[in-house]
Amino acid sequence: MWRLKLFVFLGVPMEIFAIANGDVSTYILDPNFENYLPIIPTEIQSVNFTWRSGDQKYYYDFEQLKSFNESLLRDPTVSIDIRGKVPRKPKVFQLFLHCRGNQSGMASIGIDLRIQNDRGAFLPGTPLKFRLRKECDNHVPDPECDKKCANGGRCNQHRICECPKGYMGKYCHSALCYPQCMNGGTCISPGLCACSDGYIGPHCEGGMCLEKCLNGGKCINKDTCLCRNGYYGARCEYSKCTVVPCLNGGRCVGINKCRCKKGYTGPQCEGLLERPSLAKHVSESCKKKCANGICHNKRCVCDKGWFGNKCNRRRPKRRWQRKLLH
(Lines give C-alpha, C1' and ligand atoms only; values in the text may rest on other atoms or scores of the structure.)
Protein backbone atom coordinates (compact mmCIF):
# COMPACT_ATOMS: atom_id res chain seq x y z
CA MET A 1 0.00 0.00 0.00
CA TRP A 2 1.60 3.25 -1.04
CA ARG A 3 0.75 6.89 -1.34
CA LEU A 4 1.88 9.89 -3.36
CA LYS A 5 0.94 13.25 -1.89
CA LEU A 6 1.41 16.57 -3.65
CA PHE A 7 2.19 19.09 -0.93
CA VAL A 8 2.25 22.56 -2.45
CA PHE A 9 3.54 25.67 -0.71
CA LEU A 10 1.84 28.73 -2.21
CA GLY A 11 1.78 30.91 0.84
CA VAL A 12 -0.33 28.28 2.62
CA PRO A 13 0.28 24.50 2.48
CA MET A 14 -2.13 22.34 0.46
CA GLU A 15 -2.31 18.55 0.37
CA ILE A 16 -3.45 16.80 -2.80
CA PHE A 17 -3.50 13.00 -2.65
CA ALA A 18 -2.54 11.77 -6.10
CA ILE A 19 -2.37 8.03 -5.26
CA ALA A 20 -3.77 6.33 -2.16
CA ASN A 21 -3.77 2.60 -1.40
CA GLY A 22 -2.38 1.91 -4.86
CA ASP A 23 -5.26 3.65 -6.70
CA VAL A 24 -4.94 6.86 -8.69
CA SER A 25 -7.34 9.50 -7.37
CA THR A 26 -10.20 10.19 -9.77
CA TYR A 27 -9.71 13.94 -9.72
CA ILE A 28 -6.11 13.49 -10.90
CA LEU A 29 -7.52 11.76 -13.99
CA ASP A 30 -9.90 14.66 -14.63
CA PRO A 31 -8.64 16.46 -17.78
CA ASN A 32 -9.68 19.76 -16.17
CA PHE A 33 -7.77 19.11 -12.94
CA GLU A 34 -5.14 21.78 -13.66
CA ASN A 35 -7.92 24.40 -13.75
CA TYR A 36 -8.78 23.62 -10.13
CA LEU A 37 -5.24 24.39 -8.96
CA PRO A 38 -4.06 27.92 -8.25
CA ILE A 39 -1.43 29.47 -10.47
CA ILE A 40 2.05 29.19 -8.96
CA PRO A 41 3.21 32.77 -8.40
CA THR A 42 6.55 34.20 -9.43
CA GLU A 43 8.05 34.12 -5.95
CA ILE A 44 7.43 30.36 -5.54
CA GLN A 45 10.22 28.40 -7.22
CA SER A 46 9.58 24.85 -5.98
CA VAL A 47 6.80 22.36 -5.33
CA ASN A 48 7.16 19.60 -2.77
CA PHE A 49 6.06 15.98 -3.26
CA THR A 50 5.78 13.47 -0.41
CA TRP A 51 5.55 9.74 -1.11
CA ARG A 52 6.06 6.32 0.41
CA SER A 53 5.63 2.73 -0.80
CA GLY A 54 4.82 1.04 2.52
CA ASP A 55 5.28 -2.74 2.54
CA GLN A 56 5.41 -3.13 -1.25
CA LYS A 57 8.12 -2.27 -3.77
CA TYR A 58 7.45 0.32 -6.44
CA TYR A 59 9.68 1.93 -9.02
CA TYR A 60 9.26 5.31 -10.70
CA ASP A 61 10.28 6.94 -13.95
CA PHE A 62 9.80 10.62 -14.84
CA GLU A 63 8.96 10.23 -18.52
CA GLN A 64 8.52 13.97 -19.01
CA LEU A 65 9.60 17.16 -17.26
CA LYS A 66 8.65 19.78 -19.76
CA SER A 67 8.02 23.52 -20.01
CA PHE A 68 5.56 24.31 -22.80
CA ASN A 69 6.67 27.96 -22.76
CA GLU A 70 10.45 27.82 -22.84
CA SER A 71 10.81 31.53 -23.49
CA LEU A 72 9.32 32.14 -20.05
CA LEU A 73 10.28 29.08 -18.03
CA ARG A 74 13.10 26.56 -18.18
CA ASP A 75 12.28 22.84 -18.14
CA PRO A 76 11.56 21.82 -14.52
CA THR A 77 14.01 19.66 -12.61
CA VAL A 78 13.69 17.38 -9.59
CA SER A 79 15.88 16.94 -6.52
CA ILE A 80 16.11 13.15 -7.07
CA ASP A 81 17.14 10.87 -9.92
CA ILE A 82 14.58 10.76 -12.73
CA ARG A 83 14.37 6.96 -12.29
CA GLY A 84 14.56 4.90 -9.14
CA LYS A 85 12.77 3.18 -6.29
CA VAL A 86 9.93 4.77 -4.32
CA PRO A 87 11.09 5.06 -0.69
CA ARG A 88 9.44 2.79 1.86
CA LYS A 89 9.00 5.54 4.46
CA PRO A 90 7.60 9.03 3.80
CA LYS A 91 10.13 11.17 1.97
CA VAL A 92 10.00 14.58 0.31
CA PHE A 93 11.44 15.53 -3.05
CA GLN A 94 11.24 18.87 -4.82
CA LEU A 95 10.24 20.02 -8.28
CA PHE A 96 12.15 23.19 -9.21
CA LEU A 97 10.56 25.82 -11.45
CA HIS A 98 12.83 28.63 -12.67
CA CYS A 99 11.60 31.55 -14.75
CA ARG A 100 14.06 32.97 -17.26
CA GLY A 101 13.48 36.46 -15.86
CA ASN A 102 13.61 38.44 -19.09
CA GLN A 103 9.87 38.71 -19.72
CA SER A 104 6.50 38.26 -18.03
CA GLY A 105 3.67 35.81 -18.73
CA MET A 106 2.03 32.49 -17.86
CA ALA A 107 3.90 29.22 -18.43
CA SER A 108 2.49 25.69 -18.51
CA ILE A 109 4.45 22.71 -17.17
CA GLY A 110 3.99 19.01 -17.90
CA ILE A 111 5.12 16.22 -15.54
CA ASP A 112 4.57 12.58 -16.55
CA LEU A 113 5.35 10.04 -13.82
CA ARG A 114 5.25 6.28 -14.49
CA ILE A 115 4.93 3.82 -11.57
CA GLN A 116 5.43 0.05 -11.72
CA ASN A 117 5.58 -2.75 -9.15
CA ASP A 118 8.42 -5.24 -8.60
CA ARG A 119 6.87 -7.60 -11.19
CA GLY A 120 7.24 -4.94 -13.88
CA ALA A 121 3.50 -4.21 -14.14
CA PHE A 122 2.57 -0.55 -14.50
CA LEU A 123 0.14 0.86 -11.97
CA PRO A 124 -3.27 1.42 -13.64
CA GLY A 125 -3.86 5.08 -14.36
CA THR A 126 -0.18 5.89 -14.82
CA PRO A 127 1.71 7.69 -16.12
CA LEU A 128 0.39 10.44 -13.86
CA LYS A 129 0.14 13.55 -16.00
CA PHE A 130 0.42 16.67 -13.87
CA ARG A 131 -0.18 19.96 -15.60
CA LEU A 132 0.78 23.02 -13.55
CA ARG A 133 0.71 26.72 -14.38
CA LYS A 134 3.49 29.08 -13.33
CA GLU A 135 3.48 32.85 -13.39
CA CYS A 136 6.69 34.54 -14.48
CA ASP A 137 7.05 38.26 -13.88
CA ASN A 138 10.05 40.33 -14.84
CA HIS A 139 10.16 42.33 -11.62
CA VAL A 140 11.63 45.78 -11.80
CA PRO A 141 12.55 47.37 -8.46
CA ASP A 142 9.74 49.72 -7.44
CA PRO A 143 10.76 52.86 -5.51
CA GLU A 144 7.22 53.03 -4.01
CA CYS A 145 7.25 49.38 -2.95
CA ASP A 146 6.65 50.20 0.74
CA LYS A 147 3.46 52.06 -0.12
CA LYS A 148 2.09 49.43 -2.51
CA CYS A 149 2.69 46.19 -0.57
CA ALA A 150 -0.71 45.11 0.84
CA ASN A 151 -1.95 42.57 3.38
CA GLY A 152 1.20 42.64 5.46
CA GLY A 153 3.61 42.32 2.53
CA ARG A 154 7.06 43.79 3.00
CA CYS A 155 9.69 45.05 0.59
CA ASN A 156 12.89 43.07 0.39
CA GLN A 157 16.35 44.42 -0.34
CA HIS A 158 15.59 44.43 -4.04
CA ARG A 159 12.50 46.65 -3.52
CA ILE A 160 10.10 43.80 -4.40
CA CYS A 161 7.11 42.77 -2.25
CA GLU A 162 7.40 39.57 -0.23
CA CYS A 163 3.91 38.36 0.64
CA PRO A 164 2.74 36.74 3.89
CA LYS A 165 1.18 33.29 3.94
CA GLY A 166 -2.08 33.12 2.05
CA TYR A 167 -1.42 36.04 -0.31
CA MET A 168 0.25 36.35 -3.69
CA GLY A 169 0.78 38.75 -6.58
CA LYS A 170 3.13 41.61 -7.32
CA TYR A 171 1.78 43.67 -4.44
CA CYS A 172 0.21 40.84 -2.37
CA HIS A 173 -3.33 41.87 -3.31
CA SER A 174 -4.53 38.38 -4.26
CA ALA A 175 -5.72 35.98 -1.55
CA LEU A 176 -5.29 32.24 -2.09
CA CYS A 177 -8.16 29.74 -1.87
CA TYR A 178 -7.88 26.01 -2.61
CA PRO A 179 -9.89 24.59 -4.20
CA GLN A 180 -10.58 27.77 -6.09
CA CYS A 181 -13.89 29.54 -5.44
CA MET A 182 -16.54 28.14 -7.78
CA ASN A 183 -19.62 29.53 -9.52
CA GLY A 184 -18.32 33.09 -9.65
CA GLY A 185 -17.20 33.21 -6.01
CA THR A 186 -14.34 35.49 -4.96
CA CYS A 187 -11.45 34.63 -2.67
CA ILE A 188 -11.45 37.48 -0.14
CA SER A 189 -8.92 36.11 2.35
CA PRO A 190 -6.83 32.93 2.58
CA GLY A 191 -9.19 29.95 2.33
CA LEU A 192 -12.36 32.11 2.50
CA CYS A 193 -14.71 32.52 -0.46
CA ALA A 194 -17.41 35.17 -0.89
CA CYS A 195 -20.12 33.44 -2.93
CA SER A 196 -22.26 34.84 -5.71
CA ASP A 197 -25.99 35.17 -5.10
CA GLY A 198 -27.63 31.77 -5.01
CA TYR A 199 -24.58 29.72 -3.96
CA ILE A 200 -23.30 28.45 -0.64
CA GLY A 201 -20.53 26.22 0.75
CA PRO A 202 -16.85 26.68 1.69
CA HIS A 203 -15.94 26.90 -2.00
CA CYS A 204 -19.35 28.13 -3.28
CA GLU A 205 -19.89 24.64 -4.66
CA GLY A 206 -23.52 24.27 -3.58
CA GLY A 207 -26.64 25.82 -5.05
CA MET A 208 -29.15 27.63 -2.86
CA CYS A 209 -32.87 27.42 -3.53
CA LEU A 210 -34.96 30.31 -2.23
CA GLU A 211 -37.99 28.00 -2.18
CA LYS A 212 -37.54 24.57 -0.60
CA CYS A 213 -37.45 21.51 -2.84
CA LEU A 214 -40.44 19.29 -2.02
CA ASN A 215 -41.09 15.54 -1.95
CA GLY A 216 -37.49 14.61 -1.22
CA GLY A 217 -35.98 16.76 -3.98
CA LYS A 218 -32.46 18.18 -3.53
CA CYS A 219 -31.16 21.64 -4.37
CA ILE A 220 -28.24 21.09 -6.78
CA ASN A 221 -27.79 24.55 -8.23
CA LYS A 222 -29.13 28.05 -7.92
CA ASP A 223 -32.92 27.64 -7.65
CA THR A 224 -32.67 24.24 -9.33
CA CYS A 225 -34.12 21.11 -7.72
CA LEU A 226 -33.23 17.53 -8.57
CA CYS A 227 -36.47 15.57 -8.13
CA ARG A 228 -36.96 11.99 -7.01
CA ASN A 229 -38.33 9.49 -9.49
CA GLY A 230 -42.02 10.12 -9.99
CA TYR A 231 -41.92 13.88 -9.28
CA TYR A 232 -41.40 16.95 -11.41
CA GLY A 233 -41.79 20.72 -11.37
CA ALA A 234 -39.53 23.61 -10.38
CA ARG A 235 -39.80 22.54 -6.73
CA CYS A 236 -40.67 18.86 -7.37
CA GLU A 237 -44.19 19.76 -6.32
CA TYR A 238 -45.98 17.57 -8.86
CA SER A 239 -46.28 13.80 -9.02
CA LYS A 240 -46.64 11.78 -12.18
CA CYS A 241 -50.13 10.32 -12.35
CA THR A 242 -50.40 10.15 -16.10
CA VAL A 243 -51.90 6.68 -16.53
CA VAL A 244 -54.15 6.93 -13.47
CA PRO A 245 -55.49 10.50 -13.05
CA CYS A 246 -56.86 11.27 -9.59
CA LEU A 247 -60.57 12.14 -9.49
CA ASN A 248 -62.90 13.89 -7.02
CA GLY A 249 -60.21 16.14 -5.62
CA GLY A 250 -57.68 13.35 -5.02
CA ARG A 251 -53.99 14.23 -4.95
CA CYS A 252 -51.22 12.40 -6.77
CA VAL A 253 -48.57 11.35 -4.23
CA GLY A 254 -46.43 8.99 -6.32
CA ILE A 255 -46.21 7.34 -9.71
CA ASN A 256 -49.90 6.67 -10.54
CA LYS A 257 -50.75 6.64 -6.84
CA CYS A 258 -53.62 8.78 -5.52
CA ARG A 259 -54.44 10.05 -2.04
CA CYS A 260 -58.21 10.48 -1.85
CA LYS A 261 -60.25 13.14 -0.10
CA LYS A 262 -62.40 12.05 2.80
CA GLY A 263 -65.39 10.09 1.60
CA TYR A 264 -63.79 8.66 -1.57
CA THR A 265 -61.88 5.49 -2.35
CA GLY A 266 -60.42 3.49 -5.21
CA PRO A 267 -57.18 3.67 -7.27
CA GLN A 268 -58.41 6.92 -8.86
CA CYS A 269 -60.62 8.04 -5.96
CA GLU A 270 -63.51 7.26 -8.28
CA GLY A 271 -65.80 5.60 -5.70
CA LEU A 272 -67.74 6.84 -2.70
CA LEU A 273 -66.64 5.38 0.58
CA GLU A 274 -69.52 3.32 1.97
CA ARG A 275 -70.05 2.90 5.69
CA PRO A 276 -68.65 -0.53 6.52
CA SER A 277 -70.74 -3.20 8.11
CA LEU A 278 -70.75 -2.19 11.74
CA ALA A 279 -71.22 -5.70 12.99
CA LYS A 280 -68.08 -6.85 11.19
CA HIS A 281 -65.99 -3.71 11.57
CA VAL A 282 -62.61 -4.33 13.12
CA SER A 283 -60.12 -1.48 13.43
CA GLU A 284 -56.44 -1.88 13.99
CA SER A 285 -56.55 1.29 16.07
CA CYS A 286 -58.70 -0.30 18.76
CA LYS A 287 -57.45 -3.07 20.96
CA LYS A 288 -60.90 -4.70 21.02
CA LYS A 289 -63.33 -5.42 18.21
CA CYS A 290 -66.15 -2.89 17.86
CA ALA A 291 -69.12 -5.20 17.48
CA ASN A 292 -71.75 -2.57 16.66
CA GLY A 293 -69.88 0.63 15.90
CA ILE A 294 -66.71 2.08 14.48
CA CYS A 295 -63.30 2.82 15.95
CA HIS A 296 -62.46 6.49 16.44
CA ASN A 297 -59.36 7.75 18.26
CA LYS A 298 -58.74 4.25 19.62
CA ARG A 299 -62.24 4.04 21.11
CA CYS A 300 -65.44 2.39 19.87
CA VAL A 301 -68.18 4.80 18.82
CA CYS A 302 -71.37 2.79 19.13
CA ASP A 303 -74.33 2.71 16.79
CA LYS A 304 -77.63 3.92 18.06
CA GLY A 305 -79.08 1.48 20.57
CA TRP A 306 -75.71 0.02 21.63
CA PHE A 307 -73.19 0.84 24.34
CA GLY A 308 -70.17 -0.58 26.19
CA ASN A 309 -66.41 -0.68 25.46
CA LYS A 310 -67.01 -3.02 22.52
CA CYS A 311 -70.50 -1.75 21.59
CA ASN A 312 -71.80 -5.22 22.35
CA ARG A 313 -74.47 -4.29 24.91
CA ARG A 314 -77.95 -3.32 23.73
CA ARG A 315 -79.47 -0.28 25.29
CA PRO A 316 -82.87 -1.22 26.90
CA LYS A 317 -85.92 0.35 25.31
CA ARG A 318 -87.94 2.79 27.34
CA ARG A 319 -91.47 1.93 28.53
CA TRP A 320 -93.23 4.17 25.97
CA GLN A 321 -91.21 2.58 23.16
CA ARG A 322 -92.32 -0.89 24.22
CA LYS A 323 -96.01 0.23 24.22
CA LEU A 324 -95.68 1.54 20.67
CA LEU A 325 -94.32 -1.80 19.53
CA HIS A 326 -97.34 -3.55 20.97
Side-chain angles (χ1 to χ4, degrees), residues 1-101 105-136 168 176-180 203:
M1 180 174 68
W2 81 290
R3 175 173 293 175
L4 171 63
K5 178 173 63 176
L6 178 62
F7 197 68
V8 190
F9 288 92
L10 299 178
V12 292
M14 297 179 298
E15 295 185 2
I16 307 169
F17 287 98
I19 301 175
N21 300 328
D23 295 322
V24 178
S25 300
T26 54
Y27 54 78
I28 294 292
L29 302 176
D30 185 344
N32 295 315
F33 175 65
E34 65 180 279
N35 297 324
Y36 305 142
L37 295 173
I39 296 169
I40 302 172
T42 302
E43 57 268 23
I44 301 300
Q45 298 183 3
S46 66
V47 177
N48 287 359
F49 289 80
T50 302
W51 60 0
R52 66 180 175 87
S53 65
D55 297 331
Q56 299 186 36
K57 294 180 180 179
Y58 287 95
Y59 298 88
Y60 70 89
D61 180 5
F62 283 99
E63 294 185 339
Q64 177 176 255
L65 292 167
K66 176 70 174 175
S67 169
F68 298 116
N69 305 90
E70 294 186 2
S71 62
L72 292 174
L73 181 76
R74 296 182 177 88
D75 285 339
T77 58
V78 288
S79 60
I80 57 176
D81 294 333
I82 62 171
R83 298 179 185 86
K85 183 179 178 181
V86 179
R88 181 176 179 181
K89 295 182 179 181
K91 191 173 181 179
V92 177
F93 69 89
Q94 290 181 298
L95 174 75
F96 298 108
L97 308 169
H98 295 295
C99 294
R100 293 192 178 274
M106 190 73 64
S108 181
I109 308 115
I111 304 106
D112 292 5
L113 176 63
R114 178 80 74 174
I115 303 291
Q116 64 184 39
N117 59 27
D118 56 357
R119 298 184 299 276
F122 291 113
L123 194 68
T126 64
L128 295 177
K129 294 181 178 293
F130 292 106
R131 296 296 180 265
L132 304 176
R133 292 172 295 169
K134 176 78 167 68
E135 179 186 46
C136 291
M168 55 188 287
L176 176 64
C177 290
Y178 177 80
Q180 292 180 324
H203 311 293

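Heavy atoms only: backbone and side chains are in, while hydrogens, waters and symmetry mates are out. Residue numbers count from 1 along this sequence.
Scanning both residues, V78 and F62, for their nearest heavy atoms gives CG1-CZ, 4.2 Å. What you find for S67 and P76 is that their closest heavy atoms are N-CD, 3.8 Å. In terms of heavy-atom proximity, T50 sits nearest to P90 at CG2-CB, 4.4 Å.
Annotation: the span from I80 atom CD1 to F49 atom CZ amounts to 9.5 Å, rounded to 0.5 Å. Here the CG atom belonging to L128 is positioned 6.5 Å from the CD1 atom belonging to I115, to the nearest 0.5 angstrom. The line from CG of L73 to CE of M106 is 11.5 Å long, rounded to the nearest 0.5 Å.
Residues satisfying the side chain to side chain contact (heavy atoms under 4.5 Å, CB included) criterion with K66, sequence neighbours excluded, are Q64, F68, E70, D75. R88 is linked by a side-chain hydrogen bond (donor to acceptor under 3.5 Å, both in side chains) to nothing, counting only residues two or more places apart in sequence or in another chain. R114 is linked by a side chain to side chain contact (heavy atoms under 4.5 Å, CB included) to D61, E63, F122, T126, P127, counting only residues two or more places apart in sequence or in another chain.
Here the side chain of S53 pairs no donor or acceptor atom with the backbone of Y58 at under 3.5 angstrom.
At a threshold of 4.5 Å between non-hydrogen side-chain atoms, the residues L65 and L95 count as touching. For the pair L113 and W51, the minimum side-chain heavy-atom distance is below 4.5 Å. Put simply, the side chain of Q45 reaches to within 4.5 Å of the side chain of H98, judged on heavy atoms. When side chains are defined from C-beta on, I109 counts as touching K134, because their heavy atoms get closer than 4.5 Å. Counting only heavy atoms from C-beta outward, the side chains of R100 and R74 approach each other to under 4.5 Å.
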Inset, instruction - For Y60 and D81, run side-chain contact (heavy atoms from CB on, under 4.5 Å): C-alpha distance rounded to whole Å, both residues' side-chain angles, the deciding distance at 0.1 Å, then the answer. - result: CA-CA 10 Å; Y60 70 89; D81 294 333; 4.1 Å; yes
